[in-house]
There are 2 protein chains.
Amino acid sequence: MRNGATYLTECGLRPSVQRLAIYNYMVTHPTHPTADEIFEALRDSIPTLSKTTVYNTLKLFVAHGVIDEVFIDRTSERFDGNTLLHAHFLCNCCGAIIDTPIENPERVNDSLPHGASLNKTQLLYFGTCEKCLNQPNNN
Amino acid sequence: MRNGATYLTECGLRPSVQRLAIYNYMVTHPTHPTADEIFEALRDSIPTLSKTTVYNTLKLFVAHGVIDEVFIDRTSERFDGNTLLHAHFLCNCCGAIIDTPIENPERVNDSLPHGASLNKTQLLYFGTCEKCLNQPNNN
DNA sequence: TATAAAATTGTAACTATTACAAATTTATTT
DNA sequence: AAATAAATTTGTAATAGTTACAATTTTATA
C-alpha cells in the first residue's frame, strides 16, 4: 500500500493531519463515501475537524487527481479513492455502489463526439444487485 | 412525430395542459433541460404554471418511462426526452451536453456485476467539445 | 347536478454545498 | 529564536435545488 503522506506530497499537496486522514479513509473504504460519511467517521479521531474542511479537501483532491468523483448519486457527492478506469453499479434496492472492471476498456471511449477531447469517462449501471435479488422480501 | 396526448395516455398518464406542454418541450428541445429551464420557457404560455408542477411532472414522466434523467450534471437534475440508449458528453468549457450514438451497444452492458439485473445504463464523457477547442480564448 | 378523484398550486421546509472571514497552524525570513 | 508571511482549518451564514404539504382547482364519475 502506497504511503499517503508521500503520495500527497507528490501530488503537490501538503500532508496535513486532516488531509492524510481523509486520504487514508478513502483508500481503505472503497464504498464511494459522501463528505458527511467521511466527516462522521473521522470526527472521533480529529475532534476539531470541520465539515467544510472535508468538503474543501475532497474538492482539492479531485482537482489534483488524487481521487475521483462519481456522478451516480444525485442526492450527495460521492468520492472514489480508485482513480483507475472502472464501471459503477448502483443497486436501487440496497443503495450499494459496486465497482466492476470494464470488459473492453479499449472500446469504451469509442462514442465520443467528433473532434472533442476527453478528460473523464463514467460508465454507470442502475439495477438490483445479486444479493437483493436473492432476498425475496425486497422484490 | 408522435402525438403527445396519445402517447401520455398510452403511458397511463392523463394529458393535462401542463403535462402536454412539458412533454412537448422535452421532445422539441434535446438540450437536456433542467426543471427551471422548462418552467421559464413555459410560464408565458401557461401563466398559472407552478415550478412544483414541473418538478412533479418530470419525476412522474421518469417513473413512467416517458423521459430519462441524465446524471451528468451534479448542480441540477437534467432530463432527456430521448429514452433510446445513447451516450452523453458534457463540455466543461461551454456546458453543452451532446448526445452521441453508442458505437457498440451490444457490448456496453458487458461490465455488469455478477448476478445483477439491469434497469438503466449511462455512458458519460467529460471533456472539451470541438467548438470550444477551436476558440483559442477558452483554452 | 352532486360527489369523488386527480392534478395543480404556493408556501414553507429541507439538505447538500459553498462563501467568507476569523482563527490557527506551518513555513520562511530576519 | 522571534517575527512575519503563507497556507490551512474552522464555524457560521448564505445559497440553491428539490421536496413536503395542505389548499385549491380541475376533471371524471355517479
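Numbered from 1 within each chain, the chains take letters A, B, ... in sequence-line order.
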- Message: Angle between ring planes, B:His86 versus B:His32, binned at 30° and 60°: parallel, tilted or perpendicular?
- Response: tilted

- Ordered by number, residues from residues 35-58 of chain B within less than 4.0 Å of DNA chain D (heavy atoms) are B:Thr52, B:Tyr55

- Message: Would the distance check show the side chain of A:Ser111 and the main-chain N or O of B:Thr100 forming a donor-acceptor pair, the cut-off being under 3.5 Å?
- Response: no

- Query: How close or far is atom C1' of C:dA6 from atom CG of B:Leu60, stated in whole angstroms?
  - Reply: 11 Å

- In whole angstroms, the gap separating P of D:dT24 from CD of B:Gln18 amounts to 18 Å

- Message: In this structure, how many angstroms lie between the C1' atom of D:dT26 and the CZ atom of B:Arg14, rounded?
- Response: 8 Å

- Query: Is it true that a side-chain atom of B:Arg78 and a backbone atom of B:Phe71 form a donor plus acceptor pair closer than 3.5 Å?
  - Reply: no

- Under 4.0 Å between any heavy atoms, over every strand shown, what does A:Thr75 touch: base, sugar-phosphate, or nothing? Just pick one. sugar-phosphate

- Task: Just jot down the salt bridge (Lys or Arg N to Asp or Glu O under 4.0 Å) partners of B:Asp68, sequence neighbours excluded, or say none.
- Result: B:Lys120

- What's the CG-P distance between A:Asp73 and D:dT18, to the nearest Å? 13 Å

- Note on the structure: Separation of D:dG17 atom P from B:Glu69 atom CD, nearest Å, is 15 Å

- Query: Taking the inter-plane angle between the rings of B:Tyr23 and B:Phe61 on a 0 to 90° scale, is it parallel (under 30°), tilted (30 to 60°) or perpendicular (over 60°)?
  - Reply: perpendicular

- May I have the distance from A:Glu77 (atom CD) to D:dA16 (atom P), rounded to whole angstrom? 16 Å

- Query: In whole angstroms, how far is the C1' atom of D:dT8 from the CZ atom of A:Phe61?
  - Reply: 12 Å

- Query: Can you check the B:Leu20 CG to D:dT26 C1' distance for me, whole Å?
  - Reply: 16 Å

- When you measure from the side chain of B:Asn104 to the backbone N and O of B:Arg107, does any donor-acceptor pair fall under 3.5 Å? no

- Task: Give a yes/no on whether any side-chain N or O of A:Arg74 is located under 4.0 angstrom from OP1 or OP2 of C:dA16.
- Result: no

